[in-house]
Amino acid sequence: MKNVFERALASALMELLSSCDSAPEWSVAEMLALLEHPPDAALGDYAFPCFQLARFFRKAPPAIAAELAEQWGNSDVSAHGVEQVQATGPYLNFTISPGVLADAILPAIAKGHSFDAPQVAARERVMIEFSQPNTHKGFHVGHLRNVALGDALCRIFRYNGYEVVGANYIGDVGTHIAKCLWYYESFNQDPPPEQQRGAWLGELYTKATLLLEDAPVEQRKTYQQEVREILKKLEGGDPKLDATWQETRQWSLDDFAEIYEWLGVHFDCVFFESEVDDEGKEIVLQGEQDGVFQLSEGAIGIDLEEELGFFLLLKSDGTTLYSTKDLALAKHKFDQFGIDRSIYVVGAEQTLHFKQVFATLRRMGYEQAELCHHLPYALVMLPEGKMSSRAGNVILFSQLRQKIMDSLRTQHFQARKGEWPDEEIEETCRKVAVAALKYGMLAQDPAKQIVFSMEDWLKTEGDTGTYLVYAYVRICSIVRQLGIEPSADADCSLLCHPNEKALSRRLLDFNRAVWSAGEQFKPSLLAHALYGLARDFSRAYTTCSVKHAKTEALQHARLLLFHGVAETLKQGLHLLGITPPERL
RNA sequence: GGGACUGUAGCUCAACUGGAUAGAGCAGGUGACUUCUAAUCACCAGGUUGUGGGUUCAAUUCCCGCCAGUCCCGCCA
């Protein structure tokens, strides 16, 4: 994705070089690949490094750069918007006229056709599976990272022209549920609470695992046998237990629905493990008969050899595993949704598991296995180590949300009480809290661990979601108070302050940032681009007043610029799943 | 034992995928609110990019060895 200036520069450079005797044939693509940004805006907007020319010209790079600069001046070669060409050391630096730069992007934003999706060659249909919470367990801050990541990728891929199916896959069967229900039926004395019953089930699950772990050896064996029986009953469809399962499962689903709504996340389809359980078992049994899978120590699996090893697909007691269900789920995805690509947003600890799943699908004859992609992300850790629902040392999403909301109310919205309607205060707090939470989760490279510390999440200064939202709101305020509609006809050539120019450049680069964020599966790239935009705006805010602009023409030009910044911030935040308020 | 990921300022993170003087935010120091909102801005200070080699005109970036952290390696998810 190259912009008009880069394309113009590339062909101009090619023209310039082809007039030199000793130079080989160059392509525009090669020129484009070489172009980069100087580290300091004062040096120019684009830079052409001359190192690779040295071997052809048999001269030192700085000498080549100087010569090229001179030649450029003497020839009639020119490129769109270039107002200065200068050699600095081994680089040939180009400065684009700030007015031309602004004119290349601001009117387009004002007219509303700057955020059109780039055309993907073959409009691929992509399924992105994310969130995957387990019922009967608490929804903690680790789950939040997954949701933020998956939802942002869905939005970014859609913006980039893909057809996206956002999918959830809820774990509503398995050992953990047997444990929870075992405790619920045999030990629990308390009535379920009115609210957040799913989280309460999570507590029961924790109590169950602790009871199991702390029991004396003989007692533990008995307990484990009881849990196994419950699991078998669950899979066998025991009517009484099934009713309990249905009821408690719904409590968790209600919790999840409330959380997703609060976060503004929605799914195009929802799979349940309970739906693919039986089918998975059939697939494995059939595969064993067909000789694709093998019986081993009473269980069924597949020998994937070498680095993937033996992959277990069905337990010896006939109950299913994660792997069992993953086979059936993959089949569903491809057979029923006609997708071209299947992305799994799942923790990095399951990297081997998914390599094994995809390899197994391949062995089964599924060519689509090649199109499956596991997107691993690192865990949210506590300072003392890994969070574990089993051990109960988790920070629940609801706890974090409560703390942030309370902190915002007391620190920033006390003064609005009475001035604003209560509902607006609450809704604005929610929007800021969502911004803080999602930005916090997305601004970091997915491959890196997040060590959770509550005080970090309550910050509203610096590199935070709040900062971005604040920048947006200030522009809204400017436009509101000025009472003038931003016009695409404003004179962009007046926007020549370095701070104004920096903004134009940011806006011009926006679509590319979104594109990279999608192709590299890193919303963090977009998050950083937006933070840079907000920071450059805050600088321009203090140096380039709209209200106090020297002339009316300049005022209109700045209004157009800031309006473009606001629109871009809003669009970018939207792609991260954040909706900024209009005032704070 | 084998494998994956990570290691950059006191702390949390960037670095346009191999380029110029490695940048931000917190925390610390100094300034700026009768001004389009100070949830902000300007400035100072802070570095042998874990470590040792190698490839290259050029390495935080690519390759190899070692160290440290996290995680995975058949009846958990």
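Residue numbers begin at 1 in each chain, while the letters A, B, ... track the order of the sequences.
- Contact annotation: T351(A) does not reach the phosphate of C71(B) (side-chain N/O to OP1 or OP2, under 4.0 Å).
- In this structure, R55(A) places its CZ atom 15 Å from C1' of A58(B), rounding to the nearest Å.
- Ring geometry for F311(A) versus H353(A): interplanar angle over 60°, hence perpendicular rather than tilted (30 to 60°).
- Nucleotides G47(B) and G1(B) are separated by 38 Å at their C1' atoms, to the nearest Å.
- As a whole-Å value, the separation of H176(A) NE2 from C76(B) P is 14 Å.
- Distances shorter than 4.0 Å separate some side-chain N or O of H548(A) from OP1 or OP2 on C36(B).
- Every stem involving RNA chain B, taken as at least 3 paired positions in a row under the Watson-Crick or G-U wobble test at 3.5 Å, is listed here: B:1-7 with B:67-73, B:10-13 with B:23-26, B:28-32 with B:40-44, B:50-54 with B:62-66.
- Nucleotides G46(B) and G28(B) place their C1' atoms 10 Å apart, quoted to the nearest Å.
- Going from atom NE2 of H353(A) over to atom P of G3(B) covers 22 Å, rounded to whole Å.
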I'd like to know whether V173(A) forms a side chain to side chain contact (heavy atoms under 4.5 Å, CB included) with E235(A), so could you lay out the CA-CA distance, the side-chain angles of the two residues, the decisive distance to 0.1 Å, and finally the verdict. CA-CA 8 Å; V173(A) 290; E235(A) 293 202 2; over 6 Å; no
Residues I283(A), L313(A); criterion side chain to side chain contact (heavy atoms under 4.5 Å, CB included); working and verdict: CA-CA 10 Å; I283(A) 291 174; L313(A) 296 167; over 6 Å; no
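- Here K315(A) reaches the OP1 or OP2 of C76(B): one of its side-chain N or O atoms lies under 4.0 Å away.
- The same atom, P, is picked in U60(B) and in A4(B); the two are 24 Å apart, to the nearest Å.
- Per the geometry, CD belonging to Q411(A) stands 15 Å off C1' belonging to A38(B), to the nearest Å.
- An OP1 or OP2 oxygen of A42(B) is reached within less than 4.0 angstrom by a side-chain nitrogen or oxygen of R539(A).
- Contact annotation: Y470(A) reaches the phosphate of A39(B) (side-chain N/O to OP1 or OP2, under 4.0 Å).
- Distance Q356(A) CD to G2(B) C1': 14 Å, rounded to the nearest Å.
- Note on K448(A): a side-chain N or O is less than 4.0 Å away from OP1 or OP2 of A14(B).
- Nucleotides U56(B) and C72(B), compared at atom C1', are 36 Å apart to the nearest Å.
- Scanning for side chain to side chain contact (heavy atoms under 4.5 Å, CB included) contacts around S407(A) gives Q411(A), L458(A), with sequence neighbours left out.
- Of the inter-residue distances, the one linking Q356(A) atom CD with S323(A) atom OG reads 8.5 Å to the nearest 0.5 angstrom.
- Under a 4.0 Å N-O distance rule, the pair D445(A)/K522(A) qualifies as a salt bridge.
- A donor and an acceptor atom sit less than 3.5 Å apart, one in the side chain of S316(A) and one in the base of C75(B).
- Atom C1' of A14(B) sits at a distance of 13 Å from the matching atom of A9(B), rounded to the whole Å.
- Residue Y472(A) places no side-chain N or O under 4.0 Å from the OP1 or OP2 atom of U37(B).
- Aromatic ring centres of F354(A) and Y344(A): separated by under 6.0 Å.
- Rounded to a whole angstrom, the distance from the P atom of U8(B) to that of U51(B) is 10 Å.
- Across the C1' atoms, U49(B) and A38(B) are found 35 Å apart, a figure rounded to whole Å.
- On the C1' atoms, G31(B) is 44 Å away from C5(B), given to the nearest whole Å.
- Considering only side-chain N and O atoms, R474(A) lies under 4.0 angstrom from the phosphate OP1 or OP2 of A38(B).
- Qualifying side chain to side chain contact (heavy atoms under 4.5 Å, CB included) partners for F5(A), counting only residues two or more places apart in sequence or in other chains: N3(A), Y46(A), H80(A), I96(A), V100(A), L101(A), A104(A), L508(A).
- Side-chain nitrogen and oxygen atoms of Q481(A) include at least one within less than 4.0 Å of the OP1 or OP2 phosphate oxygen of U37(B).
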